[in-house]
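Residues take their numbers from the sequence shown, with the count starting at 1.
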Amino acid sequence: MDPIDSKLFEDAQSVLDELYLRYPAVQHSAENDKTPFNKDLYSQINNFEATIRECKEVAQSHIVDEVIENLSVIYHMDITEDETGTAMQKLDEVCSKFLISNKLGYPVDETLLKQYRKDIELVLAVIKALQLRIVQLGQQRQWFFFPKTKLIQSYEALAEKMQMLKRRISESFNRMSRLLTMHIVESFHYIYLFFLYIIKYFISTGNQLILVEIAAVLDRFIKVVQPLNVSSLLQGENLRNSYIVYELNLLKDHIISYY
């Protein structure tokens, strides 16, 4: 085997072995598939639209003093003395409360989702390298009894295993993302109004440091809720999640446009 093929096989097999241990096959059961959000998702989206409109109307109708009062009463956030420190602490609390969940008896958090995305990108890179090598070898075929036919078949078998691994990781990602997104969805009114209030307040004070931190936190929520395959048809939960991502992106863009 050529050094190129030897190295490619070694690297691909190493990735395959490591990730197969990290992602055991998901055991399906009726109990695992139960979720509190098996209602009509289009009704949920309609409810979201109403929630978004209501939150925007409420936030827009309040002057800064009323915003400060609501942050204190509703979110227990007293920013009259140390607004920067208080805001940083509250943002940390919101992330800990909604980007991490143990409600179902095991940890579900953004860190694991980030690792899943990273591993999927790694597998896709390996698949691309294998497919490219298959094409290169195929272009060398000049007669019927091609000596590298078995090598090509070995690459094709390895690429198929990598595809199966990608599906396995995607399955784990989608399941955890679904659980964590439901955790966010349940309190979206609370979360969204909180961001509207603090964005309005800190734009009024011109505190760009906190505005940058708020934009970063919004981005963390977006990455958790964002569907894994953005090119897939926007149906069911993907449609709902894409709507949430759209609204959170609007908030982030509003902050960015300020400075």
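Between the side chain of Lys200 and the backbone N or O of Phe195 there is no donor-acceptor pair closer than 3.5 Å. Counting only distance, with no hydrogens or angles, the side chain of Ser61 and the backbone of Val58 share a donor-acceptor pair below 3.5 Å. Under the 3.5 Å distance criterion, the side-chain polar atoms of Asn174 are matched with a main-chain donor or acceptor of Ser170. Distance alone, capped at 3.5 Å, places no donor-acceptor pair between the Ser72 side chain and the Ile68 backbone. A distance-only check finds no donor-acceptor pair linking the side chain of Ser14 to the backbone of Glu10 [under 3.5 Å].
Checking each of Leu8, Val126, Ile127, Leu16 against Leu158 for a side-chain contact (heavy atoms from CB on, under 4.5 Å) leaves exactly one that passes, namely Leu16.
A distance of 10.0 Å separates CD1 of Ile214 from CG of Leu251, quoted to the nearest 0.5 Å. Of the inter-residue distances, the one linking Leu122 atom CG with Lys166 atom NZ reads 13.0 Å to the nearest 0.5 angstrom. For the atom pair Ile100 CD1 and Leu112 CG, the distance stands at 10.0 Å (nearest 0.5 Å). For the atom pair CG of Leu250 and CD1 of Ile255, the computed distance is 11.5 Å after rounding to the nearest 0.5 Å. Atom CD1 of Ile203 is separated from atom OG of Ser257 by 7.0 Å, given to the nearest 0.5 angstrom. Remark: Asp119 CG to Leu19 CG distance equals 5.0 Å, nearest 0.5 Å.
Hydrophobic clustering of Ile, Leu, Val, Met, Phe, Trp and Tyr side chains at less than 4.5 Å, counting indirect connections, unites Met88 with Ile79. No continuous path of ILVMFWY side-chain contacts below 4.5 Å connects Leu209 to Leu218, so the two sit in separate hydrophobic clusters.
Ile152 and Gly138 get closest at one heavy-atom pair: CD1-N, 4.0 Å. When every heavy atom of Ser101 is checked against every heavy atom of His183, the shortest pair comes out as CB-CD2, 3.7 Å. Of all non-hydrogen atoms in Cys95 and Arg220, the two that sit nearest each other are SG-NH1, 3.5 Å. In plain terms, the two heavy atoms of Val225 and Ile184 that are nearest each other are CG2-CD1, 3.9 Å. Nearest heavy-atom pair across Phe9 and Ser154 is CZ-CB, 3.5 Å. Closest approach of Leu113 to Ser177, counting heavy atoms only: CD2-N, 3.7 Å.
Using a 4.5 Å cut-off on side-chain heavy atoms (C-beta onward), Phe48 and Glu247 make no contact. At a threshold of 4.5 Å between non-hydrogen side-chain atoms, the residues Phe98 and Val224 do not count as touching. Considering only heavy atoms from C-beta on, Lys114 stays 4.5 Å or farther from Lys118 through its side chain. Here the side chains of His189 and Cys55 are in contact, with some heavy-atom distance below 4.5 Å. Two residues are said to be in side-chain contact when any heavy atoms from C-beta on lie closer than 4.5 Å; Ile198 and Leu91 meet this criterion. At a threshold of 4.5 Å between non-hydrogen side-chain atoms, the residues His62 and Tyr197 count as touching. Taking 4.5 Å as the limit, some side-chain heavy atom of Asp2 sits within range of a side-chain heavy atom of Asp5.
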Would Glu93 and Lys90 count as a salt bridge (Lys or Arg N to Asp or Glu O under 4.0 Å) here? Give the steps.
CA-CA 5 Å; Glu93 290 177 2; Lys90 192 63 183 181; 3.4 Å; yes
May I have the step-by-step check of side chain to side chain contact (heavy atoms under 4.5 Å, CB included) for Met182 and Leu179, ending in yes or no?
CA-CA 5 Å; Met182 288 191 307; Leu179 295 172; 3.7 Å; yes
Side chain to side chain contact (heavy atoms under 4.5 Å, CB included) evaluation trace for Met162 with Val15
CA-CA 9 Å; Met162 297 302 295; Val15 171; 4.0 Å; yes
Between Phe188 and Ile52, does the side chain to side chain contact (heavy atoms under 4.5 Å, CB included) criterion hold? Intermediate values first, please.
CA-CA 9 Å; Phe188 193 75; Ile52 296 297; 3.6 Å; yes
Kindly indicate, with the supporting measurements, whether the criterion side chain to side chain contact (heavy atoms under 4.5 Å, CB included) is fulfilled by Val217 and Glu213.
CA-CA 6 Å; Val217 169; Glu213 290 295 330; 5.6 Å; no
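Between Glu171 and Arg168, none of the side-chain N atoms (NZ, or NE/NH1/NH2) sits under 4.0 Å from a carboxylate O, so this pair counts as no salt bridge. A salt bridge links Glu160 with Arg167; the closest basic N to acidic carboxylate O contact falls under 4.0 Å. Ionic pairing of Lys223 and Glu110 is not present here: no N-O contact between side-chain nitrogen and carboxylate oxygen is shorter than 4.0 angstrom. Salt bridge Glu18/Arg22: present, at least one basic N to carboxylate O contact under 4.0 Å.
Residue Ile4 places its CD1 atom among 12 or fewer non-hydrogen atoms of other residues, nucleotides or ligands, all under 6.0 Å distant. Within 6.0 Å of NZ in Lys161 there are 12 or fewer heavy atoms belonging to other residues, nucleotides or ligands. No more than 12 heavy atoms of other residues, nucleotides or ligands sit less than 6.0 Å from atom OH of Tyr246.
Using the six-membered ring where Trp is involved, Tyr75 and Phe194 have ring planes that are tilted, between 30° and 60° apart. Phe173 and Tyr116 have perpendicular rings, their planes meeting at more than 60° on a 0 to 90° scale where under 30° would count as parallel.
Both tests do not hold together for Lys56 against Tyr192: distance to the six-membered ring centre under 6.0 Å, angle to the ring axis within 45°.
For the residue pair Glu66/Asn70, the side-chain donor-acceptor check at 3.5 Å is not satisfied. Side-chain contact annotation: Asn241 with Gln226, donor-acceptor N/O pair under 3.5 Å absent. Residues Asn207 and Tyr201 have side chains that never bring a donor and an acceptor to within less than 3.5 angstrom of each other.
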